[in-house]
Amino acid sequence: MGGVFIKKRLFVLISLAGIFFLAACGQAKDATDYVNVSFSGMSGAGSATYNMDESKMFEDIFDMDSKSDSVNRETLKEMGQISDAYKIKLDKKRELSNGDKVKVTVSVNEDETKKIKGGQKEITVKGLEEPKELTSEDVENNLNVDFNGANGRGEANVYNNLDSGLSTIDFEVENDGKLKNGEQAKIILKDEDSKNDMLRFGYVLADDFQPTVKVKDLYNVAEKASDIANLKDIQKQTEKDAKKQYSPGVVLEGHKIKLEKWMYRQFGEDKDDDYNSDKIGTSDVSDHDGTLIGIYSVTKTEKVYDENKKDLANKVTHFIAIKGYTDIRLDDNNKADLSDIGEVFGRHKTSESMKSVIKGYKEAGFSEVEN
């Protein structure tokens, strides 16, 4: 009896081992175990790529040695079905930094194969090159900034002299177009593309990156006409010009002029606003600063031949004329150099009233000047 019991127990153990072996052979392999992910580039701008190690996967599925075992036609066909049955997806592929987590998802069409199963795994990004830091001192020492325009509306031109590829990075001055003498203006990257370009060259901005530059060399323009120390001189010159152009009379033509209003504007068009041409006759003062104009009502009398009377008769025309100066810039004593200002002249249609003309100039930023 003892011998029979031992044989029975040995048979049971062999049977169980066979069952476990068959179960192990039939168990689907986790496809995520065979996905390899690699990282390249600069931390902050790194990228991820992946590949499926099918050789290792097929060795494990079919319990074979790819170097020595031959593969029959049926097995090759099944390998092809397995290759077509799965898809791999990474939740992040670009702009990666060391320490980021990337989720790998493998989905499997179970109607195509039972040999592998899908799943997910998470991989930590590592091995990316760490970028260098661009400091405020680097920028302040290697950028040249020139300023031009009016004090309060100053503009900056930035010239980049940084080394290697960094010389192609675009910087600008904050509040460009509204700069004032004496202020410390911030130097900033022009846009996000510039930040990405920096990463390509192996640099990021330092955490305390705040370079500045002192604004200077902007010319001064009076805020109000009364701030011009020699305003009376400019007005006298304007009146002289107006009387010369619209002289009291010659044989066939004469003018009678009357100054109606002085008006002044500190700055021309703001570049941030929609552009509108401020045309005064042939003078476009849209982008000119420091403009003083006199508005005149003019009565023109000229001799014309009257067919009915068969003689000369007076023809009277009324219109509005403009005379003045622009680009009135002040020195340290608030005086304007009369030899370095631009003349403004023109006339309005006879159909325009004085009220509508003055309103138009106010809408263009001009203010009335108190006598």
Side-chain angles (χ1 to χ4, degrees), residues 150 153 221-228 230-270 273-306 312-330 336-371:
R153 283 285 185 89
V221 178
E223 182 179 353
K224 306 183 299 294
S226 57
D227 294 335
I228 304 172
N230 55 340
L231 174 63
K232 294 297 182 183
D233 294 336
I234 301 174
Q235 290 175 322
K236 285 179 182 179
Q237 184 63 48
T238 302
E239 294 243 49
K240 181 180 178 182
D241 293 341
K243 289 174 181 178
K244 181 178 179 181
Q245 182 168 350
Y246 302 108
S247 59
V250 291
V251 177
L252 296 176
E253 182 179 289
H255 300 88
K256 183 180 180 181
I257 67 170
K258 179 185 177 183
L259 175 65
E260 301 288 350
K261 192 75 66 177
W262 288 107
M263 300 194 78
Y264 176 79
R265 183 175 68 181
Q266 181 183 19
F267 295 127
E269 290 283 339
D270 188 336
D273 296 337
D274 293 334
Y275 178 81
N276 290 305
S277 175
D278 294 336
K279 197 138 187 177
I280 302 174
T282 58
S283 307
D284 187 351
V285 295
S286 302
D287 57 352
H288 289 257
D289 303 315
T291 303
L292 176 73
I293 58 172
I295 304 177
Y296 295 84
S297 57
V298 181
T299 301
K300 178 181 178 181
T301 303
E302 57 185 325
K303 296 291 185 179
V304 297
Y305 185 74
D306 189 326
L312 293 177
N314 288 334
K315 178 184 177 182
V316 179
T317 306
H318 301 280
F319 61 89
I320 297 171
I322 305 297
K323 293 293 290 185
Y325 288 95
T326 190
D327 295 328
I328 302 172
R329 303 175 183 182
L330 306 183
D337 183 353
L338 300 190
S339 66
D340 194 29
I341 56 180
E343 188 177 359
V344 174
F345 57 91
R347 58 182 287 178
H348 289 264
K349 298 176 182 178
T350 55
S351 59
E352 292 185 81
S353 68
M354 183 62 67
K355 184 177 180 180
S356 66
V357 168
I358 293 174
K359 179 183 178 184
Y361 282 110
K362 285 183 176 180
E363 290 174 351
F366 283 82
S367 300
E368 295 184 22
V369 178
E370 298 295 332
N371 293 327

**OP:** Kindly compute the distance separating CD (E260) from OG (S297), expressed to the nearest 0.5 Å.
**Re:** 3.5 Å
**OP:** Work out which heavy atom in G346 is nearest to a heavy atom in Y246; give both atom names and the distance.
**Re:** O-OH, 4.2 Å
Original post:
Taking all atoms of both residues into account, what is the closest heavy-atom pair of A150 and V221, and its distance?
Top reply: CB-CG2, 3.9 Å
Original post:
Which salt bridge (Lys or Arg N to Asp or Glu O under 4.0 Å) pairs, counting each pair once, include a residue from residues 356-371, with sequence neighbours left out?
Top reply: K261-E368, K362-E368
Original post:
Who are the salt bridge (Lys or Arg N to Asp or Glu O under 4.0 Å) partners of E352, not counting sequence neighbours?
Top reply: none
Original post:
Between OG1 of T299 and CZ of F319, what distance do you get to the nearest 0.5 Å?
Top reply: 8.5 Å
Original post:
How long is the gap from CG on D287 to CZ on F267, to the nearest 0.5 Å?
Top reply: 13.5 Å
Subject >> Reported CG-to-CZ distance for the pair D289 and R329, which is rounded to 0.5 angstrom >> reply: 7.5 Å
Original post:
Is any side-chain heavy atom of I295 closer than 4.5 Å to a side-chain heavy atom of M354?
Top reply: yes
Original post:
What pair of heavy atoms forms the shortest contact from V369 to A225, and how long is it?
Top reply: CG2-CB, 3.7 Å
**OP:** Report the distance from atom CD1 of I320 to atom OG of S351, rounding to the nearest 0.5 Å.
**Re:** 9.5 Å
**OP:** Only pairs at least two apart or in different chains count here, so list each salt bridge (Lys or Arg N to Asp or Glu O under 4.0 Å) that has a residue in residues 290-301.
**Re:** E253-K300
**OP:** Please name the pair of heavy atoms, one in Y264 and one in E223, separated by the smallest distance, quoted to 0.1 Å.
**Re:** CE2-O, 3.8 Å
Original post:
Is there a donor-acceptor contact under 3.5 Å from the side chain of S247 to the main chain of K244?
Top reply: no
Subject >> Distance (rounded to the nearest 0.5 Å) between D337 CG and D327 CG >> reply: 12.0 Å
Subject >> Residues that D227 engages under salt bridge (Lys or Arg N to Asp or Glu O under 4.0 Å), provided they are two or more places apart >> reply: K224
Subject >> Residues which pass salt bridge (Lys or Arg N to Asp or Glu O under 4.0 Å) with K240, listed by chain and number, not counting sequence neighbours >> reply: none
Original post:
Under 4.5 Å between any side-chain heavy atoms of I328 and I228, yes or no?
Top reply: yes
Original post:
Are E343 and K323 ion-paired here, with the side-chain N under 4.0 Å from a carboxylate O?
Top reply: yes
Subject >> Under the salt bridge (Lys or Arg N to Asp or Glu O under 4.0 Å) test, residues paired with K243 that sit two or more places apart >> reply: none
Original post:
If we ignore angles and hydrogens, is there a donor and acceptor under 3.5 Å between the side chains of Y325 and D241?
Top reply: yes
**OP:** State, to 0.1 Å, how close T350 and T317 come at their nearest heavy-atom pair, and which atoms those are.
**Re:** CG2-CG2, 3.9 Å
Original post:
Which atom pair, heavy atoms only, marks the closest approach of A321 to V298?
Top reply: CB-CG2, 3.7 Å
Original post:
Can the ring centroids of Y296 and H255 be said to lie less than 6.0 angstrom from one another?
Top reply: no
Original post:
With a 4.5 Å heavy-atom cut-off, do F366 and I293 have their side chains touching?
Top reply: yes
